[in-house]
Amino acid sequence: ILLPLGMAIAALLVGVVVWMSRRRLSPLGELTRAVRHREFVVHYQPLMELKSGICVGAEALVRWRRPDGTMVRPDLFIPLAEESRLILPITDQVIDAVIAELGPTLVADRSLHIAINFSADDIKTGRMLPLLEEKLRAAGIKPQQIWLEATERGFLDIEAARATMAKARAMGHSVAIDDFGTGYSSLQYLQDLPLDALKIDKSFIDTIGRGSATSSVTPHIISMAKTLGLFSVAEGIETQEQADSLIAQGVEFGQGWLYGKPVPAAAFAAFHAQNKATKGSAPEIMRASP
Ligand code: C2E
Ligand code: MG
Ligand code: MG
Ligand code: MG
C-alpha cells in the first residue's frame, strides 16, 4: 500500500512543479519582460502608388514574438502598451528594427519610404524625434524617407500634436493621420494641423462596390483630402475593383492584401526589387506641401 501512495505523492509534486513553472506573469508583467528582452519583430507591408503600380515603400507593423514562438498581433498588446506607457520603448525598438533591417536598402534607394506608427504618447511628448534624427543620421537615411503615422487619438492634445508634427515636418518627415474617419474627426484640426496625408480607414474601402450607406462617404473623404492639399492613402485594398475605383477617384497611394501582406524585411526587400525591375522607380520625395 506504501508504493502507490509514494507514487501518488511524487506525481503530485511533479504536477505542482510543472504548474508553478507554467504559471504566467500578469499581462503587464509579460509585456514588461518582452520590452526588456526585445521580443518584438517588425513586418513590412508594401505601400503602392496606385496608378503606376510602383511600390514606394512599406508600413512598419510590429508583432510580439513570444518565447514559445507564437506571434501576437499588435491590436492585442498595443492598447496595454499605451496604457502602461511601455509603448515608448516599443516605438524605439520599432525604429531600431527599421534601421537595422532596411537601412542599407533605404540608403541604396532614396525613392523608398517607410511609414512608422506613432502612438498618442509619442506624439504628445515628441520625445522620439531627436532620437530618430540621430539614428537616421548615423545610418545615412534621409528623414524624407521616413513617414510618421498617428491616429486621431494622437491629436486630442492638439497643441502638443501641432508642435510635434511641425517639428517632424521641419526635419523632413511626412506626417499622416491613420485610420482616418474612425475617430473623433473634428474637421477643425484637419485645417489646423501641419499634415501631408490622410490614410482612409479600411472600413471605408470595404464598402466600395457594395452600394451601402457608408460607401457614399468615401468620395467625400477623398475630395476633402484634395481640398486640403493632402495626399490620400487607402488602407486594406483587397480587390481589383476597389483599386480601380480608388484610382478613378484620384487616390494616390494604397496598401492591402491585393498588393501584399505584411512580411519580414528580407521578403519585402525582394518584393520591392522585383517591383522596381518591372515598374521602375517612384519619385524621390512625396510631400503635398513644402
Ligand atoms: P494600422 O496602422 O491601421 O495598420 C493597418 C492594419 O491593417 C495592419 O494590421 C495590416 O496588417 C492590416 N491590413 C492591411 N491591409 C489589409 C487588407 O487588405 N486586409 C485586411 N484584412 N487587413 C489589412 P496589423 O499589422 O495587425 O496592425 C494593427 C494596428 O496595430 C495598426 O493599424 C496600428 O494601429 C497598430 N500598430 C501596428 N504596429 C504598430 C507600431 O509599431 N506602433 C504603434 N503605436 N501601433 C502599431
Ligand atoms: Mg498605420
Ligand atoms: Mg491605419
Ligand atoms: Mg486601420
Side-chain angles (χ1 to χ4, degrees), residues 31 34-35 38-48 50 55 57-65 71-99 101-102 113-125 127-128 132 146-155 164 174-183 185 195-208 221 231-243 246 251 253-265 267-268 271:
L31 197 60
V35 168
R38 303 182 75 94
E39 290 173 9
F40 301 99
V41 292
V42 178
H43 285 183
Y44 301 88
Q45 181 176 39
L47 264 165
M48 314 298 290
L50 294 178
C55 172
E59 177 172 6
L61 293 158
V62 73
R63 279 96 182 82
W64 173 10
R65 185 168 51 209
M71 286 281 200
V72 185
R73 287 169 22 207
D75 29 316
L76 296 178
F77 65 88
I78 293 285
L80 178 60
E82 291 183 337
E83 273 167 41
S84 60
R85 305 198 86 203
L86 283 172
I87 192 65
L88 300 175
I90 293 175
T91 302
D92 291 341
Q93 291 183 26
V94 170
I95 292 170
D96 289 346
V98 168
I99 292 174
E101 297 177 333
L102 288 175
H113 301 76
I114 300 294
I116 299 179
N117 291 284
F118 290 90
S119 75
D121 265 349
D122 292 312
I123 296 298
K124 193 171 167 183
T125 64
R127 56 167 270 292
M128 75 296 176
L132 181 63
I146 303 295
W147 293 349
L148 275 54
E149 299 188 357
T151 63
E152 292 160 55
R153 272 178 303 122
F155 308 118
T164 299
S174 288
V175 178
I177 295 192
D178 206 349
D179 299 345
F180 185 74
T182 62
S185 309
L195 273 172
D196 298 277
L198 294 189
K199 293 193 83 169
I200 307 165
D201 192 68
K202 178 175 187 301
S203 58
F204 296 102
I205 309 307
D206 285 344
T207 64
I208 291 175
I221 296 181
F231 283 127
S232 31
V233 185
E235 296 189 316
I237 305 172
E238 293 182 349
T239 69
Q240 190 60 51
E241 186 193 6
Q242 291 168 341
L246 292 164
V251 172
F253 302 104
Q255 62 193 93
W257 294 356
L258 177 65
Y259 307 102
K261 290 191 175 182
V263 290
F268 167 70
F271 174 92

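First listed ligand is number 1; within each ligand, the first listed atom is number 1. Every value quoted in this text rests on a predicted model; they were computed, and no experiment measured them.
Nearest N/O/S atom of Glu59 relative to the Mg ion (ligand 2): this is OE2. Of all N/O/S atoms in Asp178, OD2 sits nearest the Mg ion (ligand 2).
At least one N or O atom of Asn117 sits closer than 3.5 Å to an N or O atom of ligand 1. The distance criterion of under 3.5 Å between nitrogen or oxygen atoms is met by Arg63 with respect to ligand 1. Between Gln45 and ligand 1, at least one pair of N/O atoms sits closer than 3.5 Å. Considering backbone and side-chain N/O atoms, Glu82 never comes within less than 3.5 Å of an N/O atom of ligand 1. An N or O contact shorter than 3.5 Å is missing between Pro262 and ligand 1 by distance.
Close contacts between ligand 1 and Glu238 involve ligand atoms 17 (C), 18 (O), 19 (N), 20 (C), 21 (N) [criterion: under 4.0 Å to a heavy atom]. Taking a cut-off of under 4.0 Å to the non-hydrogen atoms of Trp257, the atoms of ligand 1 that pass are 15 (N), 16 (C), 17 (C), 18 (O), 19 (N), 20 (C), 21 (N), 22 (N), 23 (C). Here is the list of ligand 1 atoms found below 4.0 Å of a heavy atom in Asp75: 26 (O), 28 (C). Heavy-atom proximity to Gly256, at under 4.0 Å, picks out these atoms of ligand 1: 15 (N), 18 (O).
A donor atom on one side chain and an acceptor atom on the other are found under 3.5 Å apart for Glu39 and Trp64. With hydrogens and angles left out, the side-chain atoms of Asp201 and Ser203 include a donor and acceptor closer than 3.5 Å.
Counting heavy atoms closer than 4.0 Å to ligand 1, residue Thr151 contributes nothing at all. The side chain of Val94, and not its backbone, has at least one atom closer than 4.0 Å to an atom of ligand 1 (non-hydrogen atoms only; side chain from C-beta on). At a heavy-atom cutoff of 4.0 Å, ligand 1 is contacted by the side chain of Ile87 but not by its backbone. For Asp179, every heavy-atom contact with ligand 1 shorter than 4.0 Å involves the side chain, none the backbone.
Using a distance-only test at 3.5 Å, with no hydrogens or angles considered, no donor-acceptor pair links the side chain of Glu82 to the main chain of Ile87. The closest donor-acceptor contact from the side chain of Glu101 to the backbone of Val98 lies at 3.5 Å or more, if one exists at all. Counting only distance, with no hydrogens or angles, the side chain of Glu152 and the backbone of Gly181 share a donor-acceptor pair below 3.5 Å. Side chain of Gln45 to backbone of Glu59: no donor-acceptor contact under 3.5 angstrom is found.
Side-chain contact between Arg85 and Thr125 is present, with heavy atoms from C-beta onward closer than 4.5 Å. The shortest side-chain heavy-atom distance between Phe268 and Val263 falls under the 4.5 Å cut-off.
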Check step by step if salt bridge (Lys or Arg N to Asp or Glu O under 4.0 Å) holds for Asp96 and Arg38. CA-CA 11 Å; Asp96 289 346; Arg38 303 182 75 94; 3.1 Å; yes

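Looking at Asp178 and Arg153, no side-chain N of the basic residue comes within less than 4.0 Å of a carboxylate O on the acidic one, giving no salt bridge. Between Asp179 and Lys199 there is no salt bridge, since none of the side-chain N atoms of the basic residue sits less than 4.0 Å from a carboxylate O of the acidic one.
Ligand 1 lies less than 4.0 angstrom from a heavy atom belonging to Glu235. Look at His43 and you'll find every heavy atom at least 4.0 Å from all atoms of ligand 1. In this structure, Lys202 counts as a contact residue of ligand 1, since one of its heavy atoms falls inside 4.0 Å of the ligand.
Considering Thr151, Asp196, Leu198 as possible partners of Ile177, the one that fulfils the side chain to side chain contact (heavy atoms under 4.5 Å, CB included) test is Leu198.
For the pair OD1 of Asn117 and OE1 of Glu149, the angle whose vertex sits at the Mg ion (ligand 2) is 90° to 10 degrees.
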